[in-house]
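Following: one structure in structure tokens, then a few remarks.
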Protein chains: 2
Amino acid sequence: MFSIGRLSRATGVKVPTIRYYEEAGLMPPPERSAGGQRRYARADLDRLHFIAHGRGLGLSLDAIRHLLELSDKGRDCTDAHQIAAQHLSDIRARIARLQRLETELERLAEACDHAPGAPCGLIEALGDHGQCLGEH
Amino acid sequence: MFSIGRLSRATGVKVPTIRYYEEAGLMPPPERSAGGQRRYARADLDRLHFIAHGRGLGLSLDAIRHLLELSDKGRDCTDAHQIAAQHLSDIRARIARLQRLETELERLAEACDHAPGAPCGLIEALGDHGQCLGEH
DNA sequence: CTTGAACCTCTAGTGACTAGAGATCCTATC
DNA sequence: GATAGGATCTCTAGTCACTAGAGGTTCAAG
């Protein structure tokens with residue numbers, strides 16, 4: 001039986017965040033001490049590790065909730081793989097978009113020659129999307 | 001003089017978003033018609049283009065606000081370049097992180113052999129961060 | 001038994017919008 | 001001039017995943 005603080009230290013998840021996960025239905029309401037404080041069991045630790053790991057991978061709480069359900073009632077893991085595949089393609093799309101932005105920003109920054117008194121090429125370019133090569 | 005709807009169509013920024021930008025201090029309060037509707041001038045169109053472009057590049061409203069101030073009172077563009085440089089390094093860090101997540105997720109998905117009845121390797125791996133190679 | 005760290009609940013704030021209710025305005029047509 | 005209906009107005013509340021703070025209670029060590 002851990003207190004919420006011990007659980008927090010064991011998982012690296014902050015105390016208010018654990019309470020938030022409970023309210024959000026990801027963590028089950030734990031037992032309470034005589035005075036009303038939360039008391040967690042081993043299974044809660046594992047569950048919170050699972051959540052923390054998923055969050056670390058960038059999964060939404062919704063996706064994690066879904067995965068937890070699948071985990072709870074075992075069996076078919078097609079859905080789990082679909083969630084992972086969906087997330088993977090999200091990640092790839094985000095990488096591609098960020099790389100386009102990177103290129104564009106580099107170009108904008110170079111458009112300015114820093115001449116004293118002259119208008120800033122970077123700011124000018126921001127005002128005129130027509131100068132851009134790609135979309136964003 | 002455009003209505004908010006025309007401004008919206010001209011820039012691709014949705015009507016409620018324009019009002020939000022006004023409230024957030026990015027767009028100045030425009031003139032009003034006799035009946036109290038917003039009426040925009042050419043300068044507003046340019047300003048909104050600037051904002052939309054910055055947002056498209058992933059800049060925060062705060063960064064854009066700052067750039068607008070610099071643009072308003074011209075002169076030195078060191079600050080503008082610093083904002084851009086900061087954003088660029090943010091973008092690069094995010095790309096690097098997403099690439100680590102991509103690798104890790106691919107690995108997790110492959111850890112499962114989909115054997116019917118067997119526990120899902122993907123879900124197991126999510127429960128045990130110790131199996132991971134990198135950090136996330 | 002006392003101290004003080006840890007815990008409790010509740011509310012509100014973050015960023016950048018989005019959605020909806022209910023009322024008013026503007027413009028084109030008759 | 002009347003009317004229809006699309007556009008606009010303000011205001012509130014919701015999104016996501018937390019974070020911060022107030023004000024009060026409980027627990028564990030000494």
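Protein chains get the first letters and strands the later ones, always in sequence-line order, with residue 1 at the start of each.
Mapping A:Glu23 and B:Ser33 onto DNA chain C by nearest heavy atom places A:Glu23 at the nucleotide closer to the 5' end.
A:Thr103 is not listed as a side-chain neighbour of A:Gln99, based on a closest heavy-atom distance of 4.5 Å or more. Between B:Ile51 and B:Leu68 the shortest side-chain heavy-atom distance falls below 4.5 Å. Looking at heavy atoms from C-beta onward, A:Phe2 lies out of side-chain contact with A:Asp44 at the 4.5 angstrom threshold.
Side-chain nitrogen and oxygen atoms of B:Arg38 include at least one within less than 4.0 Å of the OP1 or OP2 phosphate oxygen of D:dT10. The phosphate of D:dC16 (OP1 or OP2) has no side-chain N or O of A:Ser60 nearer than 4.0 angstrom. Dashed line: the shortest gap from a side-chain N or O of A:Tyr21 to OP1 or OP2 of D:dC18 is under 4.0 Å. Put simply, A:Lys14 has no side-chain N or O that comes within less than 4.0 Å of OP1 or OP2 on D:dC18.
The neighbour count for A:Arg32 CZ, taken as heavy atoms of other residues, nucleotides or ligands under 6.0 Å away, is above 12. No more than 12 heavy atoms of other residues, nucleotides or ligands shown are found within 6.0 angstrom of CZ on B:Arg6.
B:Arg65 has its CZ atom 9 Å from the P atom of C:dG15, to the nearest Å. Atoms OH (A:Tyr20) and P (C:dC7) sit 21 Å apart, rounded to a whole Å. For A:Met27 and D:dA17, the CE to C1' distance is 16 Å, given to the nearest whole Å. Between the C1' atom of C:dC26 and the CZ atom of B:Arg6 lies a distance of 14 Å, rounded to the nearest Å. If you measure from atom CD of A:Glu31 to atom C1' of D:dT26, you get 18 Å, rounded to the nearest angstrom. Atom P of nucleotide D:dA17 and atom CG of A:Leu57 are separated by 14 Å, given to the nearest angstrom. Atom pair A:Asp90:CG and D:dC16:P shows a separation of 15 Å (rounding to whole Å applied). Between B:Gln37 atom CD and D:dC9 atom P there is a gap of 6 Å when expressed in whole angstrom units.
When distances run from any side-chain atom of B:Ser3 to the nucleotides D:dT8, C:dC8, C:dT18, the shortest one goes to D:dT8. In this structure, the nucleotide among D:dC9, C:dC26, C:dT18 sitting nearest to the side chain of B:Ile4 is D:dC9.
Across all strands shown, A:Arg32 has heavy atoms under 4.0 Å from sugar-phosphate atoms exclusively, and none from any base. Residue-level contact check: A:Arg19 touches the bases, meaning some heavy atom is under 4.0 Å from a base atom.
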